[in-house]
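Below, each value reflects all heavy atoms present in this structure, side chains not excepted, and no hydrogens, waters or symmetry copies. A, B, ... follow the sequence lines: proteins, then strands. Residue 1 opens every chain.
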Amino acid sequence: MTVRTRVAPSPTGDPHVGTAYVALFNSVFARRHGGQFILRIEDTDRERSDVASESMIMDALRWTGIEWDEGPDRGGPCGPYRQSERVDIYRRHAQRLVDEDRAFCCFCTPDRLDALRRAQRQRGETSRYDGLCAGLDPAVAASRVEAGEPHVVRMRVPSDGACRFKDRLRGVIEIPWSQVDMQILLKSDGFPTYHLAVVVDDHMMGITHVLRGDDWITSTPKHELLYRHFGWDMPEHAHLPLLRNPDRSKLSKRKNPTSLHYFRDVGYLPEALLNYLGLMGWSMPDERELFSVDEMIAEFDLDRVSTGGPVFDLEKLNWLNGQYIRNLSPAEFADRVGQWALNRDRLERLVPMIQSRTERLIDLAPQVDYLLGERRALSADLFQHRTLTEEDCKRVLHHALAMMTTLRAWEGSVLMRECRALSEKMDIKLRDFLFPLFVAVSGRATALPLFDSMAFLGADLTRTRLRSAIVALGGISKKATKRLDKEFAALAQN
RNA sequence: GUCCCCUUCGUCUAGAGGCCUAGGACACUGGGUUUUCAUCCCAGUAACAGGGGUUCGACUCCCCUAGGGGACGCCA
C-alpha cells in the first residue's frame, strides 16, 4: 500500500501558517514513505469561499516550497480536487445513506434549531439535534422532499455506547455517542458539510493517513461512523498539536500574525519558516535544530511527534531566520533582498505614494522607512493630540482593530470607507480619528497616505502595529477590553 | 455547562524505569573578540503541576486533583 496524505484548506481568507504547518507534516510523512501528497480545496461553504483565496493559498504554499503531487492546478487520477466540483458525488453518497436508513431528511428550521441549542446549553448539556425528524415516516419525508420543501440530510447516530477510534499519537480515544450530534451531511443548498465530504474524498482519493489539527478529535466519531456505514477502511489518523498564541489559545490572527503573506513580506525565508514549523511538536533524533525539509524527510517518524500544543514563538523564528540569512552566500543574499523589497511589483506599489513627494531620489528612503523597515518604537507622548486624549486614542485603535479583523478584502479603498464609517459612528472627525492610526502605523504624526500604507504593509503587519501601539499607550485592561468589545459591537450594528 | 485532549526551564524541546547532579536551543544576565553595532565565542540563571499508588528504584507506568486547551454551527 502506498502512503497517500493530503492537506485540505478551505479558501476563506488569508493563507494561514497553520495550513503550511499541517501541509509540511503531511508532505514530509508521504515522502518519507515514498508516497504521494495531495492538495484538495474544501470549498463547500458557498458563503465564504472564493477563488481569490484559493489562488492565494496555492501561491503561498508554493512560496514555502512545499510541493504536492496532485491538486486542482495539476490534476491527477482522483480528480477533481476541488470539492465544489464533486457535489454530485456527495449527493449520491448521501442518498445511499438515506436509502439504507443510516441518514434521514430533516425539515427543521434554523430558528427552531437555534432555540433548541440555547435551551440545551442552558441546561448544561452538549447541544445536539433532538431527533424530531428522525422518526418521520420515510415515505412522508420523501413526498415532502418531492414537494420542494427545504431540507437537509442528517446522519443517524447510535443512541448509546461509545465510539472508539485510534489516534496514532495518543492511542485509543473513546467518546460517548451521547456527545455526538446527528450531523448534517447535506445542507439545504445541496452542498455537503465538511464531515461528509472529507470522508468520501479521503476514501476515493486513496488517503491512507490523515494528519490534521487536534481540534478535529471530537468530530472524529462522525467520520468513523461514516466509514463504517459506507463499509470502507478508515485511514490512520494522527492529530497534530495545534499551534498556540503566547496565552496558549489556538493561534489566531486576532492575537498574532498568522498569514503566510506576513511572513513573506517581513522577510522570513521560506526554508527557515519550514524549519521552524518542523520544530513545532517534532524533533530530530539527534536534537539538531537547523535542518532542511529533505533532512526532515530522511528522519521523520510519527513516534517523535509530541502532543502538547506549542506556542508559536516569533523570537526563536527570528533567530532561526538569522541563521539562514547568514548562511547565504553574498550573491544569494543580494538575490533574496532583491526578490523581497526591490522587486518591480513591490516598487510599483510604492511609486504612486512617493513620486509626487520626491525632489531628489535621496529623499526617498526617509519617506518609506516605516514601509520597508520596522517603524520606530512608540512612546505615549507621540500620541499627544489637541483634542484626543490617550483614552480616546486607545478607543480608536481598539475599534479600528476590531473592524479590521472582520474585513474580507484588504484594500486601501475598503479601509478608507470603513474608517470613515467608524469615525462617524464614534462621532470623531475623520482627521482626528486618523491621527492615532498614523502614529501607530508609521511612528509619526505625518506620513505617506495612511490607507495606501496599510494596504502596502498588509493586514497582519498593520494589525501588529496597532496592537503594539495600544501597548505603548499603557494597554487596555481585560475589563476595559470587554467594555470596548461591547461598544464596538453596538456601533457595528447600526 | 457537557465531552475530549494536554501538562519537563519564561518559550521550543531531549528523556521509552536505574545512563538525570534532568541535556540542548531561543530569550535573559555576565564576560571575551570586534574602530561602533551586529555576528561569533565562553559562562550563568532557570523546569519534571500537586497528591497518592506500583516498583529495590520513577520525569518515565497507574489513579485522583488542579491547571491549560479544544469541540459542542446548514464553518472548516
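For the P atom pair drawn from G15(B) and G53(B), the interatomic distance equals 29 Å after rounding to whole Å. Only the P atoms considered, U34(B) is 41 Å distant from U21(B), to the nearest whole Å. Separation of the C1' atoms belonging to A47(B) and C28(B) is 16 Å when rounded to the nearest angstrom. With both ends at atom C1', the span from U29(B) to U13(B) equals 22 Å, rounded to whole Å.
In this structure, Leu317(A) atom CG and C12(B) atom C1' are separated by 11 Å, rounded to whole Å. Rounded to an integer number of Å, the gap from CZ of Arg40(A) to P of A76(B) is 13 Å. The CG-C1' distance, from Leu113(A) to C74(B), rounds to 8 Å in whole Å. Here the P atom of nucleotide C12(B) and the OH atom of Tyr276(A) are 8 Å apart, to the nearest Å.
Under 3.5 Å, the side chain of Glu289(A) and the base of G24(B) form at least one donor-acceptor pair of N or O atoms. In the interface, the side chain of Arg48(A) is paired with the base of C75(B) through a donor and an acceptor atom under 3.5 Å apart.
Checking side-chain atoms of Glu299(A) against main-chain N and O of Met296(A) turns up no donor-acceptor pair under 3.5 Å.
At a threshold of 4.0 angstrom between heavy atoms, the contacts of Ile184(A) include nucleobase atoms, whether or not backbone atoms are also involved.
Asp294(A) and Ser292(A) form no side-chain donor-acceptor contact under 3.5 Å, judged by distance and modelled atom types alone.
The number of heavy-atom neighbours closer than 6.0 Å to CZ of Arg254(A), taken from other residues, nucleotides and ligands shown, is 12 or below.
Regarding contacts with the backbone of A76(B), a side-chain N or O of Thr44(A) is found under 4.0 angstrom from either OP1 or OP2.
The aromatic rings of Phe29(A) and Phe300(A) lie perpendicular to each other, with more than 60° between the two planes, well past the 30° mark.
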